[in-house]
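Scroll down for the structure; my scribbles are underneath it.
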Amino acid sequence: MADADRPTFRAAPAHLDLPALEEEILGIWEDNGVPERSLQWGARAWREGKAPAYVFFDGPPFATGLPHYGHILPGTIKDIVPRYFTMRGFAVERRFGWDCHGLPIESLVQDELGLAGAADIEAHGVAAFNEACRAGVLKYVEKWRATVRRMGRWVDFEDDYKTMDPAFMESVWWVFRRLWDLGLVYEGYRVQPVSPALATPLSNFEVAQGPQERDPVTRKEGHKRRQDPSITVRFKLADEDAFLWAWTTTPWTLPSNLALAVHPDLVYAKVRFEDTGEVAYLEESRLSAYREAGKVGPYEVLARVPGRDLAGRPYEPLFPYFERYRTPQDGYAAAFRVVAADYVSTDAGTGIVHQAPAFGEDDFEVGRRENLPIVNPLSLSGVFDERVPDLAGMFAKDADKVIVGMLKEQGKLVDQDTIVHPYPHCYRTEQPLLYMALSTWFVKVEPLRRMLVENNETIHWVPEHVGRGRFGNWLAEARDWNVARNRFWGTPLPIWRCDEDPSDMVCIGSVAELERRAGLAPGTIRDLHRHYVDDITFPSDKTPGGTMRRVREVFDCWFESGSMPYAQNHYPFDETRKRYVEDHLPADFIAEGLDQTRGWFYTLHVLATALFRRPAFKNVIVNGLILAEDGKKMSKRLKNYPDPNEVIDRYGADALRAYLVSGPAVRAEPMRFSEQGVRDTVRTAVLPLWNAYRFFVTYARAEGFVPSAADLAATPAHPLDRWIRSRTQSFLAEIREAYESYHLDRVVPAYQRMCDDLNNWYIRRSRRRFWRGLRDDEAGQREAFATLYATIVTIVHAIAPVLPFTSEWLYLRLVQDVGLGDGAASVHERSFPEPVAGAVDAALERDVAIVRRVVALALAAREKAQVAVRRPLATLTVAAADPVVRAAVERFGDDVRAEVNVHALAVRADDASFVHYGAKANFKRLGPRLGKRMKAVAAAVAALSSEEVRSAVERGSVEVAGEVLSVDDILVTRAIAGDAVAQTDGDVTVALDTEITDELRAEGWAREVVNRVQNLRKAADLDVSDRIHLALWAEGALGEALARPAHERFVAGETLAERIDRPPEAAVRARPHVREDVIDGMRLVLGLARADGGSPS
RNA sequence: GGGCGUGUAGCUCAGCUGGUUAGAGCGCUGCCCUGAUAAGGCAGAGGUCGGAGGUUCAAGUCCUCCCACGCCCA
């Protein structure tokens, strides 16, 4: 059937070297500009009306570290989905993004320049500092590009976006200005950790990086521990001659005390101490604790008062500094009174908590609720100002002792002690942090809650629970968003404030607007970083003589990444892209890690909802954390994981990709990374397809087969061909569903099952149809080749998004080389296989599944009988009550006989002669009906004899334990009776006739010889189509059997022997390739030479 | 402290609205098959389903509490 005038397939290499294959493909892609072409198509085709857009947003990583598995996993997901939708005919723009601002790079530069804190940076110069950040932030970009390229991810690094680009920053300004115009921006306070030594507020991230220590009792890791004063202070009630006792570990906050908090539901005892006569209030259980600790003497209880009854009562300020707040003023309610707060606990102290709203999260919240002023007499360095004259110029922690001394002197100190407790320390200076309320800028989120929740309901989350649970709950209780940071390298807040009247502010929404206001020529402002815009001032519109100066803060980098849908397109300034942004929000798809729930997912969602009243994305895959093999976090220090680049070089990117997206990590669950797992993936996910390819090419070349369009269009007739064609359709439906529902973990298993069916049934059963010399049906052979070809090519396309290299390599050899690619130079530029109407034959697929089950049972029976499959047996009996099973077995009887190696197949309905029947109660049916009698009936059913079960099946019902049960109420079980060589599974039973006649034995010997010859051929390194001259010598009955013409013909045909000689043993041994065996105790010597006379070198 | 997950064989994971003897893949052991295959088939060993209570005729599955781990928040 040689197609002499057509190009043919290249020979397949003997072994798969995946990393080498991938390097080869990378070279071809580079030489031909394949990725660029695909990316540009994705970026342009929607604009030219050639394809609908599928919108993908890429979340920007920090480029300050090297890519690791935490990037490679989402990177792979972000490659697979766009590749799939590209093949489905969508134009998918894939722009890479970089998060350039923020603390990671600032910290690095601070370290490099040896700058300790904000003051150091100011002294060094903001311009120099920022330029150092700019210069350093893209340090690892080349390494990123190399890893991303090597992973086979196609993403545009040329038309990328950087959050530090002036155009990006200008859009961020626009976003903020829109929020400002919508009335969603306000200035407020938030309690923040401050490092006094650095004179800087710290982020939570930085706090978490502070020194850690294990608690000696609980063994839990926590903040480093420190010793602090632990004092109990008495506050004189203003309306009664009695005191409230309050406890604190931060005496330095006492000058700022504005309230005392009690729990509304706790009971407070009013007591008179016998030794001092003092009357005081404190919570009952704490009173006992104080007594037991010997802090107080005997007392008399005068009254018991619930906390809520104490609320509202005034007390005398401990210090005079802020006494004026006793009366309402500046819009605040009266301070120095008891307030109720649920957070008050009885773990320590007196059950009465001193409140300084400026110096604690809880205090702040209570203060806000009670409308108390924020009183903060400390600078960022933690030094008291003139409002506390006694302590002015003193550092807060140093003031502790002075304050305790003053209290003692004034008789306001009940008890003085120390406490050792975990406390946050500065990650750079190791000094204790101070929490204080600082002015900052907020975006209102609370009024948007409802719309946020509603918009979220339209988002398809994978896995679902993240959206419904974690994200949904968070939205429902979303708090206003602090978007400002007291930092340097970031997009400056575009708020200019009048130096005469702080309430006179403008928010700038564009560079042009700033230039106009500042009287600068258009184009003057080239960069928007602080060192370019901080000094720009302009006169106030409203306040005569006032000068507008920019506030100090920059944006939190989350605000910038959340602005990415707009800012990456310089929205709304770039006219050509403006429509695109508006038309394509929400995006079709994003993917990031679970840690982004409160990060990027949230900021994207809030901004899109606030600005456009829409969600930001329609589909999202949330990936879990990649842990090291030991289940711990991957840690550079512990070196508990292999370097990603080495893993890729060893096993290949395709293997790593398939491994990562087959595990729990694509369902937001943690995944333990195992190098062995990647290695196994080569075998289980790449080799099966490669082996099918190699089989095809070997025989297609040997037979000169090259498919024509007509071959591929023809509808096959052979049942195996029709089966695999139908099976391919089912596979396509399954894998498409997996891709389109974004359940990527279902993709590889579907593909593996398809490869298994192809390799272990279709090819295995079809093998002879491809062999020269055995064909008596050229059309049938052509059909088999065409079917196998089409199946492999379809699988190659279907798995291309996951295995971009292997699929490309196969595509080039199977399709491109023979000119069938419709001009597409890459599988990634091809369409995803469309379903073929009418190719699905569900009954056929079901029948093959049945047959495979029967064959498995028969092979198990052979195992039980210890008869090698190579030895033929006379008869296999298949007994099944189900006519569908019997019909399937009859239909594929030849396959069953060949697989099981039996001469005859007997199919019947009755299995009574092979099995004993037993029965079990059908709990699901009977349980609800019988209730408590279930147990007794179940026991009675189990006790039924084989005969009783049989007659029950025949009659359709049975009576046990006083209950009439239908056959559906019991489950019939079968067990092989006696020593029959049989196996049973459900209602299918197979039995083997194991009697071996001389005839069968001789036939088995012939097959043994074939097997030995084939092994010898392989050892001689012959090609599968080489003809041979065979010489054999064998002892006794073996020799006689092999001499029979039928067996000799069989051996010759199976081994491509042109001639079989039977010379004396010594002559056989003189042949180029010789092998000696013993079969059933008889010696056999084989000699072999290639038919063309020469021996292969 | 709160929210959301996770905990099932040596490893990685299935197990739907409760229902028969808890499964798969890998790994291990034995046997087998092989005219592409580093593959494949059959069998075997391996499980107190994190723990304790409870609901139920029946719990890996539902409820309560606890333990461990992860992420986020505080």
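For clarity, every value in this text was computed on a predicted model and none was experimentally measured. To find a chain, count down the sequence lines: A is the first, B the second, and so on, and within it residues start at 1.
A:Arg753 comes within 4.0 angstrom of no nucleic acid atom, judged by non-hydrogen atoms across all strands. Contact annotation for A:Arg1007: backbone-only contact, meaning every heavy-atom pair under 4.0 Å involves sugar-phosphate atoms and none involves a base. When heavy atoms are screened at a 4.0 angstrom cut-off, A:Ala668 is found touching no nucleic acid atom at all. If you check every strand for non-hydrogen atoms under 4.0 Å, A:Trp474 touches sugar and phosphate atoms only.
Ranking B:U37, B:C26, B:U34 by closeness to the A:Asn1011 side chain, first place goes to B:U34. Minimum atom distance to the side chain of A:Leu625 is reached by B:C71, of the listed B:C71, B:A14, B:A38. For A:His15, the listed nucleotide lying nearest its side chain is B:A38; candidates were B:A38, B:A36, B:G3. Listed nucleotides: B:C71, B:A38, B:U6. Nearest to the side chain of A:Glu669: B:U6. For A:Arg683, the listed nucleotide lying nearest its side chain is B:C26; candidates were B:C26, B:U37, B:A14. Side-chain atoms of A:Arg667 lie closest to B:A14 of the nucleotides B:C33, B:C71, B:A14. Which of B:U37, B:A38, B:C33 sits closest to the side chain of A:Arg767 comes down to B:U37. Distances from the side chain of A:His465 to the nucleotides B:C13, B:C4, B:A36 place B:C4 closest. Closest to the side chain of A:Thr684, from the set B:A36, B:C26, B:C13, is B:C26. Nearest to the side chain of A:Leu16, among B:C42, B:A38, B:C71, sits B:A38.
Between A:Leu660 and A:Ile626 the shortest side-chain heavy-atom distance falls below 4.5 Å. Inter-residue side-chain proximity for A:Met671 and A:Tyr659 is flagged as met; some heavy-atom pair is nearer than 4.5 Å.
No side-chain donor-acceptor contact under 3.5 Å links A:Asn473 and A:Glu477. Side-chain contact, A:Asp895 with A:Trp761: no donor N or O sits under 3.5 Å from an acceptor N or O.
For the pair A:Ile792 CD1 and B:U37 P, the interatomic distance rounds to 15 Å; values are reported in whole Å. Here B:G3 presents its P atom at 17 Å from CG of A:Leu594, a figure rounded to the nearest Å. Spacing between atom CZ of A:Arg852 and atom P of B:C33 amounts to 19 Å, rounded to whole angstrom units. Regarding A:Phe695, its CZ atom lies at a distance of 11 Å from the P atom of B:U37, rounded to whole Å. Distance A:Phe785 CZ to B:A36 P: 12 Å, rounded to the nearest Å. In this structure, CG of A:Leu859 is placed 9 Å from P of B:A43, rounded to the nearest angstrom. One interatomic measurement links the two molecules: CZ of A:Arg768 to P of B:U34, which rounds to 10 Å at whole-angstrom precision. Taking atom CD of A:Glu899 as the reference point, atom P of B:C42 lies 11 Å away to the nearest angstrom.
Summarising the geometry of A:Pro642 relative to A:Phe673, their closest heavy-atom pair is CG-CE2, 3.8 Å, with the distance given to 0.1 Å.
For A:Arg870 and B:C33, the shortest distance from a side-chain N or O to OP1 or OP2 is below 4.0 Å. When the side-chain nitrogen and oxygen atoms of A:Tyr693 are compared with OP1 and OP2 of B:A36, none of them lie within a distance under 4.0 Å. Dashed line: the shortest gap from a side-chain N or O of A:Arg871 to OP1 or OP2 of B:C32 is not under 4.0 Å.
Ring centroid separation for the pair A:Phe696 and A:Phe9 comes in under the 6.0 Å cut-off. Aromatic ring centroids of A:Trp474 and A:Phe601 lie 6.0 Å or more apart. In this structure, A:Trp809 has its ring center closer than 6.0 angstrom to the ring center of A:Tyr693.
One C1' atom belongs to B:C57, the other to B:G10, and the distance between them is 37 Å to the nearest Å. Remark: the separation of the C1' atoms in B:U8 and B:C69 is 16 Å, to the nearest Å. The same atom, C1', is picked in B:A22 and in B:C16; the two are 15 Å apart, to the nearest Å. Between B:A14 and B:A74, the two C1' atoms lie 36 Å apart (nearest whole Å). Only the C1' atoms considered, B:U48 is 24 Å distant from B:G27, to the nearest whole Å. Nucleotides B:C71 and B:A24 have their P atoms positioned 33 Å apart, rounded to a whole Å. When the C1' atom is compared between B:G5 and B:U21, the two are found 32 Å apart, to the nearest whole Å. As rounded to the nearest Å, B:C32 and B:A68 have C1' atoms that lie 45 Å from one another.
The nearest heavy atom of RNA chain B to A:Val869 and to A:Ser674 marks one nucleotide each, and the one closer to the 5' end goes with A:Ser674. If A:Met671 and A:Arg190 are placed on RNA chain B by their nearest nucleotide, the residue sitting closer to the 5' end is A:Met671.
With respect to A:Arg765 and A:Glu899, a salt bridge is recorded, a charged nitrogen being found less than 4.0 Å from a carboxylate O. A salt bridge between A:Asp680 and A:Arg683 is present, with a side-chain N of the basic residue lying under 4.0 Å from a carboxylate O of the acidic one.
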Here RNA chain B, pairs taken as Watson-Crick or G-U under 3.5 Å and shown with ( ), [ ] when crossing and | when to another strand, reads (((((((..((((.....[...)))).(((((.......))))).....(((((..]....)))))))))))).
